[in-house]
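The block underneath contains the structure these notes are about, expressed in structure tokens.
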Amino acid sequence: MPELEQVVDSREEKTDVDVFLDEARLRRDAAYEFERVSREMGAESLKMLNADQWPEDIYKERQGKRPMLTVNFLPAYVKRIVGEARVNRREIKVLAQTLDNPNAKVPAGRLAEIRGGLIRNIELQSDSGSSAIWALECAASNGFGYFRVTSQQADDELYQDLRIKRIVNPFTVYLDPKHEALDSRDKKWAFIVRTLSRDEFKVLFPGKEPSSWKDANDQFWSSTDEVSVAEYYVMRPFAKTLVKLSDGRTLEKSDWESIKDELKEAEQLVHLNANTGMIEEGPAPPGSNWPEETMNPMPTIVDMREVESHVIAKYIIDGYQILDGPRAGKDEKGEFILNFESNKDIKTPDGKTRDKIWPGKWIPIVPVWGEMTILDNGQIIRRGVIYNAIDPQRMYNYSRTKQIEDTALAPRPKPWMTSRQAAGHETELRNQTLLPYQLYELDGAAPPPFILGDKSASTANSEQVLLAENELKGTTQIYNPMLSAPSNETSGRAITARVQQGEITNIVYGDNLDVAMKFLGDILNDVIASFYDTERQVMILNKQDKEELVTINQAIIDDETGREILMNNMAEGKYLVTVSAGPSFTTQRIEMVTALSEMGKSQEDPLVRAILLKNVLRNSDWPGAQQTADEIEEIINNMKAQGQQGAGGQEAMAGMGGMR
């Protein structure tokens with residue numbers, strides 16, 4: 001079996017399917033071993049979260065014999081972390097990195113606005129909030145979660161749209177363990193595993209038989225009834241030549257070769273007719289010495305350089321066969337491409353990116369991590385909020401069970417009876433499991449015995465219950481005020497301080513979600529031009545979540561040059577992505593309406609009340625709100641014109657009841 005590093009760095013043509021699959025197996029094993037401890041901890045955390053909280057040996061000992069109570073506090077701690085993220089929505093923003101080109105028909109800021117609006121619409125259509133929140137919930141529960149970016153065919157159209165999808169089971173993802181970036185953008189490969197029945201396999205991959213690894217001891221890929229297939233994203237090295245043109249553009253040499261003839265045809269020689277002062281086509285007449293100029297001059301190459309790059313290819317594999325992946329040939333049925341040596345391996349003859357090649361810089365799998373610890377051997381241990389609370393939760397269950405058990409089995413109060421009082425009832429009393437009375441003989445010199453009360457649970461056991469409950473809060477740093485439960489804090493300041501303490505301690509989850517959303521924005525920004533590369537209308541959302549229909553890559557004739565140009569060209573410009581966290585625009589608008597309404601109640605000036613009421617209506621969605629706002633604006637204008645002296649404005653406001 002080849003060494004991992006040798007295969008990763010290999011560009012030799014001799015690389016065949018066997019070498020390729022050996023490489024895949026080495027990588028999967030390396031990822032599993034690196035994450036083994038985190039996966040075991042995560043699996044145990046999920047069992048606890050699902051109320052499977054008694055250790056197996058104790059469960060077997062007690063089953064059917066003694067009580068085993070489970071008072072599950074753990075879901076509330078996960079919900080607290082997830083709830084904070086739901087309230088504070090993450091917004092991806094796109095900023096232009098280049099100054100406006102004086103000759104550009106669309107300002108750089110407008111192109112950034114369109115691109116950002118398109119990303120917001122992709123998020124909306126994908127329900128990306130649910131995908132990211134699910135990944136965060138997995139991170140809080142078991143230490144790691146994932147979502148992904150993919151593409152899908154648009155309805156009844158030839159083009160594809162970008163979509164964000166959640167990865168339901170985070171244990172199906174295996175990442176390159178050598179990545180160092182917190183968002184894993186520097187990973188060179190990744191697996192997403194899917195388990196199929198053998199019948200499903202045959203439907204999806206007709207003509208193929210499921211296989212497992214040649215090593216029969218490896219049950220990862222295949223079993224008797226099921227077979228696992230993996231989406232295998234792999235970053236393959238690729239050398240490309242870049243050319244810098246005299247007009248400032250930088251292109252791949254292959255792209256330059258494909259457009260230079262078109263640019264040559266656009267060149268036009270003109271001259272100035274000194275007699276008429278008009279620009280005329282063609283060269284100046286012989287002997288005229290009139291000035292000549294080349295219109296739309298063809299740019300020239302001013303620099304050329306070969307650079308190291310990479311290609312991201314996606315293969316579908318099982319044990320020892322490639323089921324799908326990028327192929328050479330026009331019909332896409334040729335041999336699988338394992339080594340990428342020229343642009344023809346990446347793009348089809350018509351210039352489109354080949355199927356199963358991701359046209360971006362990064363593998364489009366986004367992790368959301370929980371808490372992390374790096375060991376001295378470099379291994380990273382990931383855990384959620386649950387893991388450190390496992391022992392306190394078990395201690396609580398045991399203490400509460402013991403408390404209830406002691407109380408239930410304590411002697412019940414029994415009346416004292418003489419033998420004469422019990423006479424005649426012996427048969428009924430013998431049929432009862434526990435004798436419901438105690439006998440005594442009447443002694444005239446002494447009073448009858450008193451009735452014994454219930455035996456209470458021990459004070460020590462009750463204290464143990466309270467200790468375990470406090471240890472649960474201490475390990476999670478989530479306290480009663482954060483769970484909307486009664487607490488020792490009584491003042492608003494004390495409650496706020498305790499809530500902030502917990503939020504700061506668990507802020508790592510929100511920060512890691514911010515990092516993931518930034519990576520998501522970078523992925524979308526990177527590949528938008530590749531997927532939205534034709535003229536079409538797209539729906540964008542502005543910062544106020546209002547829809548706008550925009551035509552992108554629209555071909556028009558420039559009035560000044562007579563050349564065809566693209567309006568709203570998605571491939572034009574460079575952009576920077578940022579992420580901000582805070583309440584959604586809808587939440588902010590509700591808060592604003594509430595604040596304005598409260599302000600209006602304290603205002604005596606009718607003009608101020610009218611202005612506040614108008615703004616409330618402008619931010620309301622109920623039918624007729626905008627029309628009413630327009631009418632109030634007219635009243636405001638009249639009041640301003642009359643200097644607030646006219647009776648009309650006063651009467652109008654009185655008729656509406658003002659803001660009171």
Side-chain angles (χ1 to χ4, degrees), residues 32 35-83 134 136-145 168-172 219 370-371 373 381-412 433 454-480 482-487 502 505-506 509:
Y32 177 78
E35 299 173 351
R36 180 176 55 80
V37 176
S38 297
R39 288 172 177 266
E40 291 172 354
M41 292 168 59
E44 186 176 6
S45 297
L46 290 179
K47 287 178 61 179
M48 293 291 296
L49 190 64
N50 198 38
D52 183 2
Q53 297 180 353
W54 284 83
E56 187 175 355
D57 55 341
I58 298 178
Y59 180 85
K60 289 180 179 179
E61 178 186 334
R62 285 176 168 256
Q63 189 176 19
K65 302 174 185 177
R66 299 179 64 183
M68 291 179 289
L69 302 181
T70 300
V71 184
N72 195 1
F73 288 95
L74 303 180
Y77 303 139
V78 174
K79 289 178 181 177
R80 170 64 196 184
I81 291 172
V82 173
W134 172 251
L136 177 67
E137 186 169 344
C138 292
S141 302
N142 54 261
F144 48 91
V168 177
N169 183 358
F171 289 83
T172 62
Q219 294 299 312
E371 300 177 49
T373 301
I381 306 299
R382 310 186 197 278
R383 62 184 179 276
V385 71
I386 299 299
Y387 188 75
N388 287 338
I390 288 178
D391 286 343
Q393 176 67 70
R394 285 176 173 164
M395 290 163 56
Y396 185 89
N397 290 340
Y398 181 81
S399 300
R400 284 292 288 146
T401 298
K402 185 71 167 59
Q403 191 179 55
I404 298 300
E405 192 175 30
D406 288 349
T407 302
L409 295 179
R412 292 177 295 176
T433 303
D454 282 337
K455 178 183 177 183
S456 300
S458 70
T459 303
N461 196 54
S462 298
E463 291 177 352
Q464 188 62 45
V465 171
L466 294 176
L467 283 173
E469 186 175 357
N470 288 332
E471 286 165 350
L472 272 168
K473 298 170 186 174
T475 54
T476 60
Q477 290 294 297
I478 296 177
Y479 300 93
N480 285 346
M482 303 174 69
L483 301 173
S484 300
S487 64
T505 304
N506 291 292
Y509 294 95

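Count residues from 1 along the sequence.
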Residues M68 and T401: closest non-hydrogen pair is C-OG1, 4.0 Å
Where L74 and N72 come nearest, the two heavy atoms and their spacing: N-OD1, 3.2 Å
For R382 versus G143, what's the shortest heavy-atom pair and its separation? CB-O, 3.7 Å
With no hydrogens and no angle check, is any side-chain donor or acceptor of W54 less than 3.5 Å from a backbone partner on L69? yes
F144 vs E35 side-chain heavy atoms within contact, under 4.5 Å: no
State whether the side chain of Q53 and the backbone N or O of R394 hold a donor-acceptor pair below 3.5 Å, judged by distance alone. no
So which atom in S45 and which in N142 form the shortest heavy-atom distance, rounded to 0.1 Å? CB-CA, 4.5 Å
Would you say that V385 contacts Y509 through its side chain, given a criterion of any heavy-atom pair below 4.5 Å between the two side chains? yes
Tell me whether the count of non-hydrogen atoms from other residues, nucleotides or ligands lying under 6.0 Å of CD in E56 goes above 12. no
At their closest point, which heavy atom of P170 faces which heavy atom of G145, and how far apart are they? CB-CA, 4.1 Å
Nearest heavy-atom pair of N388 and R383: which atoms, and what distance? ND2-NE, 3.6 Å
Test side chain to side chain contact (heavy atoms under 4.5 Å, CB included) applied to Y387 and I381, step by step: CA-CA 12 Å; Y387 188 75; I381 306 299; over 6 Å; no
